[in-house]
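Here is the structure we will look at.
The model shown is predicted, which means the values in this text are computed figures rather than measured ones.
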Amino acid sequence: MRSPLRLAFAAFLLLAAAASSLASEGRDGFLLDEADAREISASELVAHPARFAFPRGERLEYSIRYLGVPVATATLEVARFIEWRGRRFAHVVGVGDTNDFFSAFYPIHDRTEAWIDLETLRTHRTSTWTRHGRDKETHERIDFDWDAHFIRMVEDKKHRSRRREVGFDFGPFVHDTFDAFY
């Protein structure tokens, strides 16, 4: 049985990281990569400015505390600008990680990435990789179709060898964590 303190800590960390999670154990690449995507240069952005007001490299860093004790860190960063299928996106990466001390008891490693449309400021796609404890690993990908107002979500729980696919309609004023933040 899990201790209430451990569960409270895990819930607190997830909320405090505001879904901008981590997990780079050996991961050098991005979760969101497409073969035909290309990085947009700074000069291209100057020549054709975007409504998205945050520059590449803009980074927010958080120190997460539980009962006044530092337990984790979280970052949110504009990693790069991408052009894909004729549209331009900000590629935003959120990472959260428990510190060495708390990782010895219950490690939490999360990484979430989003592509935010530079003109509409709407999230086009998110991908999240989470690892909680020593054996709970999940990957989730959400694709937003703003023309049809439809979301498609695929979730793989590797520790349970289970895949779940869900699709549903959404209204015109919905936001995910990333586009609401930016």
Side-chain angles (χ1 to χ4, degrees), residues 1-34 37 39 54-82 89-116 123-144 151-166 174-182:
M1 183 168 172
R2 298 207 188 311
S3 76
L5 182 59
R6 183 182 289 178
L7 291 173
F9 166 70
F12 173 78
L13 180 61
L14 289 173
L15 290 173
S20 52
S21 317
L22 123 338
S24 52
E25 290 182 321
R27 293 180 172 278
D28 295 328
F30 291 111
L31 296 174
L32 290 177
D33 265 332
E34 294 290 340
E39 194 160 344
F54 302 93
R56 181 174 186 246
E58 179 87 12
R59 181 180 175 96
L60 301 171
E61 296 181 3
Y62 298 91
S63 175
I64 301 167
R65 297 175 175 273
Y66 182 72
L67 299 174
V69 176
V71 296
T73 59
T75 62
L76 187 59
E77 180 176 9
V78 179
R80 59 188 179 158
F81 294 103
I82 298 290
F89 301 95
H91 188 176
V92 180
V93 178
V95 175
D97 194 11
T98 49
N99 63 26
D100 290 341
F101 179 77
F102 280 93
S103 289
F105 302 104
Y106 192 78
I108 295 178
H109 308 287
D110 298 331
R111 180 182 179 101
T112 299
E113 299 181 18
W115 282 2
I116 301 173
T123 300
H124 175 71
R125 178 179 291 165
T126 65
S127 188
T128 302
W129 179 82
T130 63
R131 184 173 215 163
H132 295 178
R134 306 245 180 265
D135 59 351
K136 293 180 182 171
E137 185 175 333
T138 302
H139 182 258
E140 176 184 274
R141 179 172 158 169
I142 301 173
D143 291 297
F144 296 83
I151 289 176
R152 181 173 181 272
M153 191 261 312
V154 177
E155 176 187 63
D156 288 311
K157 291 195 174 201
K158 299 194 185 291
H159 59 284
R160 292 191 176 168
S161 298
R162 185 176 72 196
R163 172 175 266 216
R164 181 174 70 141
E165 296 186 34
V166 178
V174 72
H175 292 282
D176 80 324
T177 305
F178 285 97
D179 67 11
F181 190 82
Y182 283 98

Residues forming a salt bridge (charged side-chain N to carboxylate O under 4.0 Å, His left out) with Arg164, sequence neighbours excluded: Glu155
Salt bridge or not between [X] and [Y]? Use side-chain N to carboxylate O under 4.0 Å.
X      : Y      : result
Asp33  : Arg80  : yes
Glu39  : Arg56  : yes
Arg160 : Glu137 : no
Asp156 : Lys158 : no

Intermediate values then yes/no, side chain to side chain contact (heavy atoms under 4.5 Å, CB included), Arg65 and Val71: CA-CA 5 Å; Arg65 297 175 175 273; Val71 296; 5.8 Å; no
Any donor-acceptor pair under 3.5 Å from Thr98 side chain to Ile108 backbone: yes
Side-chain donor or acceptor of Thr128 paired with backbone N/O of Thr112 under 3.5 Å: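 No, because the side chain of Thr128 does not come within donor-acceptor range (under 3.5 Å) of the backbone of Thr112.
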When rounded to the nearest 0.5 angstrom, what distance separates [atom1] in [X] from [atom2] in [Y]?
X      : Y      : atom1 : atom2 : answer
Met153 : Thr126 : CE    : OG1   : 10.0 Å
Phe144 : Trp115 : CZ    : CH2   : 14.0 Å
Arg162 : Thr138 : CZ    : OG1   : 9.0 Å

What pair of heavy atoms forms the shortest contact from [X] to [Y], and how long is it?
X      : Y      : answer
Leu60  : Tyr62  : CD1-OH, 3.7 Å
Thr123 : Ala114 : CG2-CB, 4.2 Å
Arg134 : Ser103 : NH2-O, 3.2 Å

Derivation of the side chain to side chain contact (heavy atoms under 4.5 Å, CB included) call for Ile142 and Arg152: CA-CA 6 Å; Ile142 301 173; Arg152 181 173 181 272; over 6 Å; no
Pair His109-Thr130, side-chain hydrogen bond (donor to acceptor under 3.5 Å, both in side chains): steps then yes or no: CA-CA 6 Å; His109 308 287; Thr130 63; over 6 Å; no
Check against side chain to side chain contact (heavy atoms under 4.5 Å, CB included), Phe102 and Asn99: CA-CA 6 Å; Phe102 280 93; Asn99 63 26; 3.4 Å; yes
Pair Arg125-Arg141, side chain to side chain contact (heavy atoms under 4.5 Å, CB included): steps then yes or no: CA-CA 7 Å; Arg125 178 179 291 165; Arg141 179 172 158 169; 2.6 Å; yes
Ring centres under 6.0 angstrom apart (Phe89, His124):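 Here the rings of His124 and Phe89 have centres that are less than 6.0 Å from each other.
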Any side-chain donor near an acceptor of the partner, Trp129 and Glu113, under 3.5 Å: no
Any side-chain heavy-atom pair from [X] and [Y] closer than 4.5 angstrom?
X      : Y      : answer
His139 : Ser127 : yes
Glu61  : Thr73  : no
Ile116 : Val92  : yes

